[in-house]
Amino acid sequence: MLVKTYCAAVNGLEVTTVTIEVSMSRGVMYHLTGLGDVAVKESRDRIAAALQNNGYKFPVADITVNMAPADIRKEGSGYDLPLAIAILAANEKMMSDRLKDYMMVGELGLDGKIQPIRGALPIAIKARAEHFKGLIVPKQNEREAAVVNNLDVYGMETLSDVISFLNCQTEPEPCFVDTRREFYEQQAHFDVDFSDVRGQESVKRALEVAAAGGHNIIMIGPPGSGKSMLAKRLPSILPPLSLSESLETTQIHSIAGKLSRDTSLISQRPFRSPHHTISQVALVGGGNNPQPGEISLAHNGVLFLDEMPELSRSVLEVLRQPLEDRVITVSRAKYNVEFPCSFMLVASMNPCPCGYYGDPNHHCVCTPGQIQRYMNKISGPLLDRIDIHCEIQAVPFAELSNMKPGEPSSAIRERVIKARQIQEARFKDYKGIHCNAQMTERMLHEFAEPDAASLDMLRMAMERLKLSARAYSRILKVARTIADLAGSEKIESMHIAEAIGYRNLDRGDWAERGI
């Protein structure tokens with residue numbers, strides 16, 4: 001007897017419907033075709049134990065299993081459940097009439113319990129696109145998959161539950177998630193707030209400008225000055241995620257297995273802070289089973305690189321292309337996958353190896369050569385992609401001991417949202433451009449052309465401060481954002497002046513002076 005069940009293969013963000021065909025005849029052999037990996041081939045043993053522990057026997061017959069399309073590699077243990085159901089149906093131990101209406105995924109434990117899998121959300125989207133009536137997933141994945149409307153999602157705990165459902169013995173209620181209500185309820189709840197920060201008004205302003213224009217930013221200052229504290233509060237002032245952005249972000253985290261059991265949609269912008277010992281593959285993605293890296297997990301959010309010069313040079317250099325293209329293509333001999341990575345880079349660093357170069361309260365013990373080598377760990381092309389360089393000093397005791405709370409994140413966020421709305425209206429005719437940081441050179445001439453007085457100021461600054469040529473367009477982009485925050489249609493001299501102050505590492509005399 002020939003029976004078909006349906007599941008899905010996830011490769012990057014691409015999902016392919018997989019048809020599992022089981023043919024049974026007289027004999028004792030078990031044949032599995034369709035490019036299954038080791039986990040798929042081992043499924044026979046898991047299925048046999050699960051069936052035995054749930055009152056069934058693995059059939060003694062010649063069983064041929066084909067996983068179509070046979071030219072796509074099948075990886076992981078999520079095929080256990082549809083394989084087990086197909087074998088039972090082919091052995092006429094259960095009804096097969098409803099199998100065509102449902103896609104199913106899940107790993108089987110030896111006791112028949114269904115274990116969670118990765119990628120439930122993109123699989124649910126594919127099931128709806130293929131017009132399946134419903135999707136059967138592990139109980140732990142039901143809320144994640146139920147985000148997709150117009151699809152009945154059933155979370156099952158055991159193999160027996162699935163068999164009873166497909167035999168029409170039980171009719172469980174499909175999982176329902178009020179996506180919009182949960183999404184909007186959780187958007188404004190943050191564990192941290194800018195009101196907790198004492199002092200550092202200039203740095204707060206720089207972060208506000210960065211958030212308003214989507215600019216990458218690096219903070220330079222001594223240990224304990226609050227660089228990490230400020231960076232962790234940046235998501236609280238970024239514009240809230242839209243539903244489409246949230247769905248895209250949740251898909252990436254679903255594939256990586258980073259969603260908690262109670263999570264349906266990610267409602268806040270992600271904040272990723274990898275350790276400085278991270279490898280290239282962990283940062284950009286890849287591996288034997290292609291998984292998104294940290295830059296993709298930070299998609300639509302913030303990637304924070306603490307102590308940036310401590311990361312290896314090769315790891316830092318792989319960021320250059322994703323920062324420009326906002327997408328990463330991972331190419332290997334066996335696969336080629338593409339992950340989105342439109343993130344905001346926030347980095348921090350000390351001014352020297354000991355951390356106290358230019359600090360009036362501490363003596364620096366580093367030689368000029370050590371300082372120069374330390375700074376050279378960040379290449380010019382990478383630094384070119386960071387729009388704002390912000391110097392930060394330790395907070396004086398008078399400000400640190402002040403118990404009066406600072407400006408809350410909600411107030412800053414309102415200004416950021418207004419500036420972003422101006423930019424969205426400005427770039428509505430440009431596909432893929434949403435904020436000032438994404439402007440091309442041609443768009444700079446159209447939207448960020450300074451007046452004569454501002455141009456003279458910029459020319460003078462570049463000559464006196466020995467600014468590099470690459471700083472020119474970055475200054476104009478930041479000045480455009482500053483003007484948007486001020487509600488000004490034109491870029492004025494004061495906007496240019498503030499933007500020039502955010503290019504400290506481009507100054508030719510930076511390493512020769514105190515901060």
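These figures come from a predicted structure and were not determined experimentally.
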[X] side chain vs [Y] backbone, donor-acceptor pair below 3.5 Å:
X    : Y    : answer
Q251 : A120 : no
Q200 : S225 : yes
D451 : S454 : yes
S254 : T250 : no
E144 : N141 : no
N216 : L345 : yes
R233 : D193 : yes
R420 : A211 : yes
R503 : D387 : yes
S246 : I266 : yes

Using a 4.5 Å cut-off on heavy atoms from C-beta on, say whether the side chain of [Y] contacts that of [X].
X    : Y    : answer
L259 : L121 : no
L458 : L476 : yes
E317 : S379 : yes
V416 : L238 : no
Y430 : T440 : no
L247 : V147 : yes
P122 : L13  : no
N350 : Y356 : no

Inset, instruction - Work out which heavy atom in P408 is nearest to a heavy atom in S195; give both atom names and the distance. - result: CA-CB, 4.0 Å
Inset, instruction - For residues G12 and V337, report the shortest heavy-atom separation together with the two atoms involved. - result: N-CG1, 4.0 Å
State whether a side-chain donor-acceptor pair under 3.5 Å links [X] with [Y].
X    : Y    : value
Y502 : E498 : yes
R73  : N11  : no
S488 : H495 : no

Crowding at [atom1], [X] (>12 non-hydrogen neighbours, <6.0 Å):
X    : atom1 : answer
R181 : CZ    : yes
E130 : CD    : yes
N149 : CG    : yes
R332 : CZ    : yes
D178 : CG    : yes

Inset, instruction - Take K377 and M349 through the side chain to side chain contact (heavy atoms under 4.5 Å, CB included) test and state the conclusion after the steps. - result: CA-CA 11 Å; K377 290 183 179 180; M349 61 176 289; over 6 Å; no
As an exercise, state the distance from [atom1] of [X] to [atom2] of [Y], rounded to the nearest 0.5 Å.
X    : Y    : atom1 : atom2 : answer
I412 : I417 : CD1   : CD1   : 12.0 Å
M439 : I433 : CE    : CD1   : 9.5 Å
H434 : S342 : NE2   : OG    : 7.0 Å
D152 : F132 : CG    : CZ    : 13.5 Å
T481 : I388 : OG1   : CD1   : 7.5 Å
D191 : S236 : CG    : OG    : 10.5 Å

Legend entry - side chain to side chain contact (heavy atoms under 4.5 Å, CB included) between S348 and F304, worked out: CA-CA 8 Å; S348 71; F304 177 48; 3.8 Å; yes
Legend entry - Residue of the set V302, N300, L234 for which side-chain contact (heavy atoms from CB on, under 4.5 Å) holds with R269: N300
Inset, instruction - Evaluate side chain to side chain contact (heavy atoms under 4.5 Å, CB included) for M103 paired with L151, printing each intermediate quantity in order. - result: CA-CA 11 Å; M103 182 181 284; L151 178 73; over 6 Å; no
Inset, instruction - Might you work through the side chain to side chain contact (heavy atoms under 4.5 Å, CB included) test for F190 and R413, ending with a clear yes or no? - result: CA-CA 12 Å; F190 295 95; R413 195 184 202 189; 3.7 Å; yes
Legend entry - N-O pairing of R442 and E446 below 4.0 Å: no
Inset, instruction - Please determine if E407 and K204 form a salt bridge, counting it only when a charged side-chain N lies under 4.0 Å from a carboxylate O. - result: no
